[in-house]
*Asks:* 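Before anything else, here's the structure in question.
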Protein chains: 2
Amino acid sequence: MKTPKRTTIYDIAKKLNLNASSVSRALNNSGNVSEVTKKLILKTAKELNYKQNSLASNLRKGHNQTIGVIVPRVNQNFFANVIAGLEEVTYQKGYNLIICQSNESHAREVKCVNTLINQHVSCIIISVSADFEDDTHLRNIQENGIQLIQFDRVDDNLETFKVLNDNKQASEDAVTHLIAQGYQRIALLEGPQNLNIFKERKEGYLSALRKHNYPILPELMKENAWTKELSAAATKKLLNMAHPPDAIFASTSDFSALGVLEVATNMGIKVPAELGICGYSNEAFTEITSPSITTVDQYSVSMGKTIANLYFQEIKSDNKDAIPKIVSIKPKLIIRSSTLRNKDEQRI
Amino acid sequence: MKTPKRTTIYDIAKKLNLNASSVSRALNNSGNVSEVTKKLILKTAKELNYKQNSLASNLRKGHNQTIGVIVPRVNQNFFANVIAGLEEVTYQKGYNLIICQSNESHAREVKCVNTLINQHVSCIIISVSADFEDDTHLRNIQENGIQLIQFDRVDDNLETFKVLNDNKQASEDAVTHLIAQGYQRIALLEGPQNLNIFKERKEGYLSALRKHNYPILPELMKENAWTKELSAAATKKLLNMAHPPDAIFASTSDFSALGVLEVATNMGIKVPAELGICGYSNEAFTEITSPSITTVDQYSVSMGKTIANLYFQEIKSDNKDAIPKIVSIKPKLIIRSSTLRNKDEQRI
DNA sequence: TTGTACGCGTTATCAC
DNA sequence: GTGATAACGCGTACAA
């Protein structure tokens, strides 16, 4: 595809017997141009259907009004919402968003980082892939003078701006709620512990148990149960134990919680009377399962907005190197039928 | 933020007492460079942490390895999936994706188009906003020598590449299925008729009725019922009629179907025995409602891939102006409990 | 095989 | 207020 010739500021200048620099000034409202010529320039620019070439402009100006985003998957609810929030704010500021997905692969994440560096984006916003290995690519971002904001899944060891959910607190709240509902043996479905978010959720679980003098039972903690299928399998094992749990906290996602619910239903176990179930993420479907599922809302859209605002307000505006700041958003426990056994009749 | 100086091909050239053009050739594998110097160049490029400046490269080459995408909302399941599919293919080809959302606003859509034109993207992939007014902005894309692919919601009058779902056929299948299940008075929840997709779905509905010699009853067709709330309201009116429908085809979305289901449940109407419900889009939750909801799967991820492949295989490669082609993807009716009243016991 | 010279479209810095 | 010129970083025809 050969791109046909577009009209440039030279074309406009030539037509008006002016100089290109005057045209540039007029179009950018910069420097001095007389009102008359300015109007003339704007008029003929419209006539010739002039469109600025951002490539040239950005090259000359040495920066790019573009922000890169890297997420594991763009069609995962949480990330899609964060991106929606990001786009909302960046659009207002006249910035563009380049979106990449790592597909949970570290190797691909590294490639994404490199293309974004090549693109001279002014900031990279990232949530790392599940098989996070090392952070040389992230350091590379900083070495190239590009701002870096990590969110949700982050590398704790690297000092950058971070926007996080308070996973530990949210998990503690969830488990505390289960305890308050009288559940005695509360199981945990964990995600990969190399990811901060799953580690923190486990900590919250442990912390709640300790605070209420509940025993910590390793046989009730299942590793890597972070898909619907994996958690269904783990649930079967749990519920077939001699002393099965009477509640399961699917800390990885609502899909895991759904797996738990399906297994329980198939086994004829009553939820929430015989088994309490709590998920994580507040996916749309948790509201309409029967029973509806208690879960944690992460305010994903507003998280995206927070991230973007952090960039525009604290990072970009700051001419000195700003001190990497950590913003923590407190998620909200949404209590629904799947854990409300005191008011079992009340189906929400 | 001042971007610190990055290493350029000049820096590499200077260090090796070479010329920048040799460095360029070596890095791009273009032209002739001796193996020795090439290795030397690649080595020092790595040492100096050289990163290409895509801005400069693209400016020089006159084209941009970037594709722009405009959708109403990035966090709507269907669009998120299409984007995921798009990204999958474009990533393989070394292309970047710039994502914009129109927020269902025509004015904003126009602005998005303009920034993408400024960015010199090589292609714009768009699904138009609900308040589609006119197509001057789309024509503008073409006038600027940028390829244009419309998908799903398109402007029929404009001759461009299009990737569509066969909405009419899918709707006809759905309604035919309802008829086969013995439903007699089948209502339709419509979306805004200025959008092709909703118009086509209505046509499919009408066509199925005609083919089976069913009467077409205007009182059973509700306009603009395209959110959960709107369709719940429409459903209430329908079910309170003297002769209420015994089936409702929520042609706008599964969320509408969910609204129908909730209203029916609250009114004590049995689904599917007394009321059949069919949605559209195959949202994840349709599988787990009780009863599960019959719906139409649009193959959204693979639609994204199809669009991208269309660009790379047919449009980009073609040096002559390719003739705008319309690709139609046949959606698939997914039959679930909400319309299966012959085998009512079988809860899927 | 390597070097020279120029231009992509824009903006910044001069001078007038 | 306007014009001339250089430079952003790169790729490419051409010459050596």
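Since the model is a prediction, treat every value here as computed from it, not as a measurement. Within every chain, numbering begins at 1; the chains are lettered A, B, ... in the order of the sequence lines, protein sequences first and strands thereafter.
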*Asks:* Could you state the CG-P distance from B/N32 to D/dT12, rounded to the nearest angstrom?
*Replies:*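 Spelled out: CG on B/N32 to P on D/dT12 is 14 Å.
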*Asks:* Assign B/S34 to base, sugar-phosphate, or nothing according to its heavy-atom contacts below 4.0 angstrom with the strands shown.
*Replies:*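 Contact class for B/S34: sugar-phosphate only.
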*Asks:* Which nucleotide in the set C/dT1, C/dT10, D/dG11 lies at the smallest distance from any side-chain heavy atom of B/K61?
*Replies:*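 Selected nucleotide: D/dG11.
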*Asks:* Closest to the B/L18 side chain: C/dT2, C/dT11, C/dG9?
*Replies:*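 Of C/dT2, C/dT11, C/dG9, C/dT2 is nearest to the side chain of B/L18.
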*Asks:* Start at the 5' end of DNA chain C and walk down; is the nucleotide closest to B/R25 or to A/L55 reached first?
*Replies:*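 Counting from the 5' end, the first nearest nucleotide belongs to B/R25.
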*Asks:* Does A/K305 pair with A/E88 as a salt bridge, N-O distance under 4.0 Å?
*Replies:*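 Answer for the salt bridge query: no.
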*Asks:* Assign B/S22 to base, sugar-phosphate, or nothing according to its heavy-atom contacts below 4.0 angstrom with the strands shown.
*Replies:*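 Touches sugar-phosphate only.
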*Asks:* Touch check for A/N53, heavy atoms < 4.0 angstrom, all strands: base, sugar-phosphate only, or nothing?
*Replies:*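 Sugar-phosphate, backbone atoms only, no base.
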*Asks:* From NZ of B/K14 over to C1' of C/dT2, roughly how many Å is that when rounded to an integer?
*Replies:*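 Roughly 19 Å, once rounded to whole Å.
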*Asks:* Just the rounded figure in Å: distance from C1' of C/dA12 to CG of A/N58.
*Replies:*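 Between C1' of C/dA12 and CG of A/N58: 15 Å.
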*Asks:* So what does B/N17 touch, heavy atoms closer than 4.0 Å: a base, only the sugar-phosphate, or nothing?
*Replies:*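 Sugar-phosphate: the residue B/N17, judged by heavy atoms under 4.0 Å, touches backbone atoms but no base.
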*Asks:* With A/R108 as the cation and B/Y91 as the aromatic partner, state whether NZ or CZ is under 6.0 Å from the six-membered ring centre and within 45° of the axis.
*Replies:*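 Verdict for B/Y91: a cation-pi partner in A/R108.
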*Asks:* Report the nucleotide, chosen from D/dA7, D/dT2, D/dC10, that has the shortest atom-to-atom distance to any side-chain atom of A/R60.
*Replies:*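 Closest nucleotide among those given: D/dA7.
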*Asks:* If we ignore angles and hydrogens, is there a donor and acceptor under 3.5 Å between the side chains of B/N19 and B/S21?
*Replies:*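 B/N19 vs B/S21: donor-acceptor pair found between side chains.
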*Asks:* Between C/dA5 atom C1' and B/N19 atom CG, what is the distance in whole Å?
*Replies:*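 Spelled out: CG on B/N19 to C1' on C/dA5 is 10 Å.
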*Asks:* Just compare C/dT11, D/dC10, C/dA5 and give me whichever is closest to any side-chain atom of B/S21.
*Replies:*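 Side chain of B/S21 sits closest to C/dA5.
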*Asks:* Under 4.0 Å, heavy atoms only, any strand: does A/T37 hit a base, just the sugar-phosphate, or nothing?
*Replies:*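 Sugar-phosphate, no base atom in range.
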*Asks:* Among the candidates C/dG9, D/dC10, D/dG1, find the nucleotide nearest to the side-chain atoms of A/L59.
*Replies:*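 Of the options given, the side chain of A/L59 lies nearest C/dG9.
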*Asks:* Would you classify A/S24 as touching base, sugar-phosphate or nothing, given that sugar-phosphate means primed atoms plus P, OP1 and OP2, and contacts are heavy atoms under 4.0 Å?
*Replies:*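 Contact class for A/S24: base.
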*Asks:* Under 4.0 Å, counting only non-hydrogen atoms across every strand here, what does B/N28 touch: a base, just sugar-phosphate, or nothing?
*Replies:*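 Here B/N28 touches the backbone only, sparing every base.
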*Asks:* For a ring pair (Phe, Tyr, Trp, His ring centres under 6.0 Å) check, start with the C-alpha distance between A/F312 and A/Y95, then their side-chain angles and the critical distance, and finish with the verdict.
*Replies:* CA-CA 10 Å; A/F312 290 111; A/Y95 272 59; 5.0 Å; yes
*Asks:* Take the angle between the ring planes of B/F132 and B/H137 and call it parallel below 30°, perpendicular above 60°, tilted in between.
*Replies:*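 Tilted: the ring planes of B/F132 and B/H137 meet at 30° to 60°.
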*Asks:* Using whole Å, what does the distance between atom P of nucleotide C/dG9 and atom CG of B/N64 come to?
*Replies:*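 B/N64 atom CG is separated from C/dG9 atom P by 14 Å.
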*Asks:* Just the rounded figure in Å: distance from C1' of D/dA7 to OH of B/Y10.
*Replies:*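 In whole Å, D/dA7 C1' lies 11 Å from B/Y10 OH.
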